[in-house]
Amino acid sequence: MKILVPSKRVPDPDQRIRIAASGHAIEKDDLPFVLNPFDAISIEEALRIRDENRAGEDEGEVVVVGIGGAAYEKELRTAMAMGADRALLVECETAPDPWNVARILQAVVEREQPALILMGKQAVDDDSNQVGQFLAALLDWPQATFASKIEFDAGRVRVTRETDMGIETVSMELPAVITADLRLNEPRYASLPAIMKAKRKPVDRIDCADLGIAIEPRVRILEMEPLVSKRTCVQVSSGTELLARLRDEVGVL
Amino acid sequence: MRILVVLEHDERGLRLASRCALTLAREAAACSDGELELLVMGYEIGFVAQEAAAYAPVYCADLPGLQHCTADRAAKVIADAARDCGAGLVMGASTSWGKDCVGRAGGLLGGAMATDVTACAMRDGILAWRRAMFAGGVGAWIALEGDPLIVTALPSAFDPAEPGGEAGEVTQMEVEEATLPNQIRFESAGTKSGGRPDVTEAAIVVSGGRAIRNSDDYERLIGGLADQMGAGTGSSRALVDAGITPNELQVGQTGKIVAPDLYLAIGISGAVQHLAGMKNSKVVAAINSDPEAPIFEFADYGLVGDAYEIIPELIATLSDDG
Amino acid sequence: MMVEEPASVLALAVGNEPLTREVFGNIDSVSKVLFYCLATLSVVIFGWGIWRRVRLWRMGRPSKAKVDWRAALRGFWAKVMTQHTVRRSRRRAGIIHALMFWGFSVLFVGTILIGIEEYASLILGRGAHDPVIHKGLYFAIYEVALDLFGLFFLVGCLWFIRRRLRAAKTSIGHNALDWVVILSFLAIGVTGYFVEGLRIIREATPHPELSFVGFGVSKLLGGLGVNEANVDPVHLALWWVHALLVFGIIAAFPYTRLLHVIAGVINLVSTGKHLGQLEPVTLEELEETGKVGVERLEDLTRQQLLSLDACVSCGRCEDVCPAFEAGKPLSPRDVVQGLHQAMDALSPRSGEGESDAPGLHGEVIGAETLWSCTSCSACTEVCPLAVDPVRLIVDMRRFLIGEGGLSGPPAAALQKMQRSGNPWGLAKQDRFDWAEGLEVPTVVTNPGFEVLYWIGCAASYDRRAQKVARAVVKLLEIAGVNYATLGPEERCNGESARRMGDEFLFQELAGHNVETLARYEVRKVITHCPHCLNSLKKDYPQFGGDYEVMHHTQLLSQLVLDGRLKVDSEAELREGKRGRITYHDPCYLARVNGISEEPRRLIEAVRGPEALVEMERNRSGTACCGAGGGRMWFDDALDERVGGSRIREVVETGAQTVAVSCPFCLTMVGDGLAAKAPHMEVVDIAELLAEVIEEPGRSESTSM
């Protein structure tokens, strides 16, 4: 069974994000980039499905897809260092918004014909939480988002989902789109030796245009501003004052 | 511009989150000279439609097949309703269901979508939407280009709307059971154990440390305060070591990593291992009897005092406010 | 020929009647020939057995470290002949082993000397009673010595047999062949004396009482009716038994634990200072082999494979392992023996290429076992034969990391070290915030500095540990030390990454730090963290960093001695009322780097000579707090945590304060005590000193 794992290259979530001079992009200098943590979870799950032969099929293949520039190759190598079989880099001038990502992935799916698409529920840079759903709609495939457990049973896939109401279980026939949530698994650590070994695995490159996709932008960033700054502790004198401040100044409660 | 607002409900009626989305919808309507239409879907939801009608005209899709609104069905109904009423803006709440179903509907409707929106405004003649990026580290104003626009509102950013103006009509949508997609089969649903939001997902986390002396006190003070706030509960390693809280509640480098809007650190000293687990919280408020406690250097608000006195006060104040 | 009167021993030596005995007396030529044939056969079997082992050892990689053979020769005396390494732990067994060893050595040398006598005699055509060297005073000394040391040997055998039968100590590894060895030794010893006794009956020699044990035996046998008339066949028979036993042991040597005599001695003398040391892996090697670390036996070095044969399964390492004590699935002895058995199961290949050996991971050694280690090095330190289980474990961890065998919080810690330069993922821009308001000089603001104060991640980011840095800075200022810190340019030195097995992450961090330190021409470094100290001192030279590294207690102790830091007597009095204090030696300071006196001098300077309560496990015998080897980043429930027994030990001292000198210990002991003895205070030695230090310009009368 071929599992396609779309993944995204995002700034390390631990880092302080600074806004670039233009005001509508972030400063990328001296900023470490990593594989989106939710996508790492998806890769890990795909690897386990393949290696434990959960779907009951013999030959499994895990293909990681990235959309971006040449720098992306490092993250794709990391994915292959974890154990993915192959990577596909769709070279794109500017970072596409979720709609275009979904359209590009749709074209990739038509090429690759996977039985399952497993991806992170959201990317930790734009936090959109849209691509999986868009892709499922475009493909007219069933979807299961926020998966915390994936099981296979007689040609169907059963997904346990974590929602704000509780736990929900759905089942679908393949092919399907599943987006991964935090508690699905703990991804394995890919160290440098593994990344170097992964250099032998192939990274296919294809241009956006070759897929027949012309970007149709849907989202335009007008302005960005940093929200979290260094904390300066304001001492309050009573519980009541604390609640009042939280309500008025912060807007919580 | 017609604004179609997708409302969710439970057995009691409209969900609070949907009423918050209504507030954003009204703001958007004010900005763009729009009118609201509401969409409810489910099975035997006459009472929901009636409740919704107090806010604006309602489209109601009431079918057995919609009892469990899986994403494939919900998205189709939403997309169809949007087309039927010629909506220029489709709105929902950023709940799990909203992200799942309105998201898929967005894919059916051309993908001009923004999620977790916290405000809208006209900027230079364009309808702009505010949302957080980079796990809340960056606030952005964005514009959407397309037709229709699809937006989900972050419920905690809005007060729930109150019924107002004229009551609307309830129109039954023409949906045939047979045309509903059947790709996703609902199997079961269960509420989470404990009833409180998970500490990694909650918008507010109340967390207890060494100052809490036993499990009963933890439940009474930390749990009690959390329930007043609809928050999740967490603890430092010290309480887990002492057997007062289970391991699942541990926030820290070797426990859960959380990033709520508000993190209340009560009786927690602030060792770096704990910091590593909550450093991305938007606002940190600390209550500790030791004025030298390291946590104060890492908090936005600090209150020096005895947790056992302060927390009951807080609980009382909050429950009075209702 | 019987001598009528007892003449002096010396006189006999120079007189016409030689003080000697016949070699090979009563042994006919056929027996002699057979003897030599069998001797040759046993030596050949011995040699072949050794050769087989050598081929197994040669399956390994060549080691990078060069052996200092001169030092090895000196080490032969200092370590082997004195039996120092085996006597320093398990005192009684050590002494007994020493007796056995010395006994065996003397008997061995004695046999060689007899052999020399025999061949010299042959070459020079001497008769049976005309020895070349084996006479006179030499003979007298020889006989006494051999009987005495033979007795030591026998006593040793009996003592060890008794210990095995009592089976009280569970950590001693047992093996059926061990009984063959020890009983053979016993039999050889006993038959030897009996043969001697029979020889004395058989042949009247001057002063037979020189061979006092044999003499006693001869009297005993005489009493049983053995005399000159009937002794010959008995003597011959017993002589053969003795000879066959000896040949048997020689032949069996390489197949039993006796192999440690060769493998262990070589390993012991060729190992220099090895605590806290690891061998690097280069990127080229990684490219070549496609893997890092140890997956199969042949990935170990030849010296490591040799060390597997050195291990006698005594279990001293298991006795001191803090992970084993805490109930973790790790016993260093089992690790070594597991690898040893895997090696036994191999057929040696003389050439290159992959052997048919199965992978070690999972089959021989489990991942859980490997991750349990704190690298405290107690096992390496206590091993009498210089086996290094820590290095074996780290080498295997390297492979696991390379294969993605780590996930969860420890993996996250590694990722954060790489991306943020600290294991908590806190902003690297914040690294110098601890110094806010303190005017701490950096290499930029004070380029003429003499010594660099390396802060480390804990004191940079952990609020509790920051207080230690602030105390050190205060003391350095008062003493007028010309120092600087790297400020925000400092990055995690990667010590715990290296011990976790992520060698390349370590090299990445080290490379960066070496470059920074070189840029600022750093020569001398002080640090309050023993792990940073060890890494800068022993790891960094492998990557071009060469510094003189001191622990802060060493510098502070020197400053106090020099009078540059004075304890304010009134403050001391005030603080002294704080009661008794105990000191927890950090593993990486006291054991791995041998620094344990300076911290104590400082405590004495602050609290007076009577205040310190020593724990039983102190100095290099300290017990690990549980945080080393990357274990700090693992999640352990309180009762499963390594180091729990140390916390109990601290509490049992009854002291009010426990002093530490390592930020890991500060956290672990602090957390442990907070749960069990919240009234106890944990402080770093620098903090103790800073509290009572005389500050220049401050008025004396601060007390009420």
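Protein chains get the first letters and strands the later ones, always in sequence-line order, with residue 1 at the start of each.
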A.B. asks: Backbone N or O of Thr163(A) within a donor-acceptor pair of the Ser96(B) side chain at under 3.5 Å?
C.D. replies: no
A.B. asks: So which of Lys121(A), Arg158(A), Arg103(A), His24(A) has the biggest tally of heavy-atom pairs under 4.5 Å with chain B?
C.D. replies: Arg158(A)
A.B. asks: Could you look at Ala105(B) and say if it's the side chain, the backbone, both or neither that has a heavy atom under 4.5 Å from chain A?
C.D. replies: neither
A.B. asks: Tell me, for Asn100(A) versus chain B, whether the close heavy atoms (under 4.5 Å) come from the side chain, the backbone, both or neither.
C.D. replies: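 When you check distances to chain B, no heavy atom of Asn100(A) falls under 4.5 Å.
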A.B. asks: Just so I understand: if I count every heavy-atom pair under 4.5 Å between each of Glu168(A), Gln143(A), Met224(A) and chain B, which residue has the most?
C.D. replies: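 Result: the option with the highest number of such pairs is Gln143(A).
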A.B. asks: Return the option, out of Val170(A), Asp125(A), Thr145(A), Ile221(A), with the maximum number of heavy-atom pairs under 4.5 Å with chain B.
C.D. replies: Asp125(A)
A.B. asks: Can you tell me which of Glu313(B), Met133(B), Glu145(B), Lys99(B) forms the most heavy-atom pairs within a distance under 4.5 Å of chain A?
C.D. replies: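 Most heavy-atom pairs under 4.5 Å with chain A: Glu145(B).
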A.B. asks: Let me know if Ala136(A) has heavy atoms under 4.5 Å from chain B in its side chain, its backbone, both or neither.
C.D. replies: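 Both backbone and side chain of Ala136(A) come within 4.5 Å of chain B.
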A.B. asks: Among the options Glu173(A), Gln122(A), Met172(A), pick out the one with the most heavy-atom pairs lying under 4.5 Å from chain B.
C.D. replies: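 Counting heavy-atom pairs under 4.5 Å, the top option is Met172(A).
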A.B. asks: Please classify the contact between Val124(A) and chain B as side chain, backbone, both or neither, with a heavy-atom cut-off of under 4.5 Å.
C.D. replies: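 Just the backbone, heavy atoms under 4.5 Å.
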A.B. asks: State, with a plain yes or no, whether a side-chain heavy atom of Val283(B) is found less than 4.5 Å away from one of Tyr263(B).
C.D. replies: no
A.B. asks: Just do the side-chain hydrogen bond (donor to acceptor under 3.5 Å, both in side chains) check on Glu75(A) and Ser7(A) with the steps written out, would you?
C.D. replies: CA-CA 9 Å; Glu75(A) 277 62 48; Ser7(A) 65; over 6 Å; no
A.B. asks: Looking at Leu108(B), Ile310(B), Asp261(B), which one has more heavy-atom pairs under 4.5 Å with chain A than the rest?
C.D. replies: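 Of the candidates given, the most pairs with chain A belong to Leu108(B).
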A.B. asks: Looking at Asp198(B) and Lys256(B), is any side-chain nitrogen of the basic one under 4.0 Å from a carboxylate oxygen of the acidic one?
C.D. replies: no
A.B. asks: Closer than 3.5 angstrom, by distance alone: can the side chain of Gln228(B) be matched with the main-chain N or O of Gly224(B) as a donor-acceptor pair?
C.D. replies: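 It does not hold such a pair.
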A.B. asks: Between Ile26(A) and chain B, which part of the residue has a heavy atom less than 4.5 Å away: side chain, backbone, both or neither?
C.D. replies: side chain
A.B. asks: Between Cys101(B), Gly111(B), Ala285(B), Ala202(B), which shows the greatest number of heavy-atom pairs under 4.5 Å with chain A?
C.D. replies: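 If we count pairs closer than 4.5 Å to chain A, Gly111(B) comes out on top.
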A.B. asks: Measuring heavy-atom distances to chain B, does Asp181(A) have an atom under 4.5 Å in its side chain, in its backbone, in both, or in neither?
C.D. replies: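 Contact with chain B: side chain only.
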A.B. asks: Using heavy-atom distances under 4.5 Å, tell me whether Asp14(A) contacts chain B through its side chain, its backbone, both, or neither.
C.D. replies: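 Both backbone and side chain of Asp14(A) come within 4.5 Å of chain B.
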A.B. asks: Using heavy-atom distances under 4.5 Å, tell me whether Leu149(B) contacts chain A through its side chain, its backbone, both, or neither.
C.D. replies: neither
A.B. asks: Under 4.5 Å heavy-atom distance to chain A, tell me which part of Ile287(B) shows up: side chain, backbone, both or neither.
C.D. replies: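 Ile287(B) touches chain A through side-chain heavy atoms alone.
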A.B. asks: Give, as side chain, backbone, both or neither, the part of Ser237(A) having an atom under 4.5 angstrom from any heavy atom of chain B.
C.D. replies: backbone
A.B. asks: Taking Arg104(B) first and then Asp72(B), would you say they form a salt bridge - that is, a charged N and a carboxylate O separated by under 4.0 Å?
C.D. replies: no
A.B. asks: Examine whether an atom of Pro13(A) lies under 4.5 Å from a heavy atom of chain B, and if so say whether it belongs to the side chain, the backbone or both; otherwise answer neither.
C.D. replies: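 The backbone, not the side chain.
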A.B. asks: Please classify the contact of Gln130(A) with chain B as side chain, backbone, both or neither, using a heavy-atom distance under 4.5 Å.
C.D. replies: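 Contact with chain B is through the side chain of Gln130(A) alone.
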A.B. asks: Does one side chain, of Glu44(A) or Asn185(A), offer a donor that lies under 3.5 Å from an acceptor on the other?
C.D. replies: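 No, Asn185(A) and Glu44(A) have no side-chain donor paired with an acceptor closer than 3.5 Å.
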A.B. asks: Side chain, backbone, both or neither: which part of Arg183(A) has a heavy atom under 4.5 Å from chain B?
C.D. replies: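 Answer is side chain: those atoms of Arg183(A) sit under 4.5 Å from chain B.
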A.B. asks: Report which part of Thr152(B) has an atom under 4.5 Å of a heavy atom belonging to chain A: side chain, backbone, both, or neither.
C.D. replies: neither
A.B. asks: Salt-bridge test for Asp300(B) and Lys282(B): reply yes if a basic N is under 4.0 Å from a carboxylate O, no otherwise.
C.D. replies: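 No, Asp300(B) and Lys282(B) are not salt-bridged.
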A.B. asks: Based on non-hydrogen pairs under 4.5 Å, which of Ala140(B), Ala112(B), Ala79(B), Ala143(B) is most in contact with chain A?
C.D. replies: Ala143(B)
A.B. asks: Is Asp100(B) paired with Arg161(A) through a side-chain N to carboxylate O contact shorter than 4.0 Å?
C.D. replies: yes
A.B. asks: Please indicate whether Asp248(A) has more than 12 foreign heavy atoms, meaning atoms of other residues, nucleotides or ligands, lying under 6.0 Å from its CG.
C.D. replies: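 Enclosed.
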A.B. asks: To the nearest 0.5 Å, tell me how far Glu241(A) CD sits from Gln235(A) CD.
C.D. replies: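 Going from CD on Glu241(A) over to CD on Gln235(A), the span is 10.0 Å.
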A.B. asks: Check whether any side-chain N or O of Tyr72(A) sits under 3.5 Å from a backbone N or O of Arg9(A) as a donor-acceptor pair, and report yes or no.
C.D. replies: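 Indeed, once roles are kept as given, a pair shorter than 3.5 Å links the two residues.
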A.B. asks: Is it the case that atom CD in Glu187(B) sees more than 12 heavy atoms from other parts of the structure closer than 6.0 Å?
C.D. replies: yes
A.B. asks: Contact part of Thr232(A) toward chain B, heavy-atom cut-off under 4.5 Å: side chain, backbone, both or neither?
C.D. replies: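 Interface part for Thr232(A): backbone (N, CA, C, O).
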A.B. asks: Heavy-atom pairs under 4.5 Å with chain A are the metric here; pick the option from Phe298(B), Trp141(B), Phe186(B) that has the most.
C.D. replies: Trp141(B)
A.B. asks: Which residue out of Val284(B), Thr70(B), Ile150(B) racks up the most heavy-atom pairs below 4.5 Å with chain A?
C.D. replies: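 Answer, by heavy-atom pair count under 4.5 Å with chain A: Val284(B).
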A.B. asks: Pair up each side-chain donor or acceptor in residues 116-125 of chain B with any protein partner under 3.5 Å, not counting sequence neighbours, and list the distances.
C.D. replies:
unit_1, atom_1, unit_2, atom_2, d
Asp116(B), OD1, Ser94(B), OG, 2.5
Thr118(B), OG1, Arg130(B), O, 3.3
Arg123(B), NH1, Glu223(A), OE1, 3.4
Arg123(B), NH2, Glu223(A), OE1, 2.3

A.B. asks: Does Glu45(A) pair with Arg54(A) as a salt bridge, N-O distance under 4.0 Å?
C.D. replies: yes
A.B. asks: Check each atom of Val304(B) against the heavy atoms of chain A and say whether the ones under 4.5 Å are side chain, backbone, both or neither.
C.D. replies: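 Val304(B) touches chain A through backbone and side-chain heavy atoms alike.
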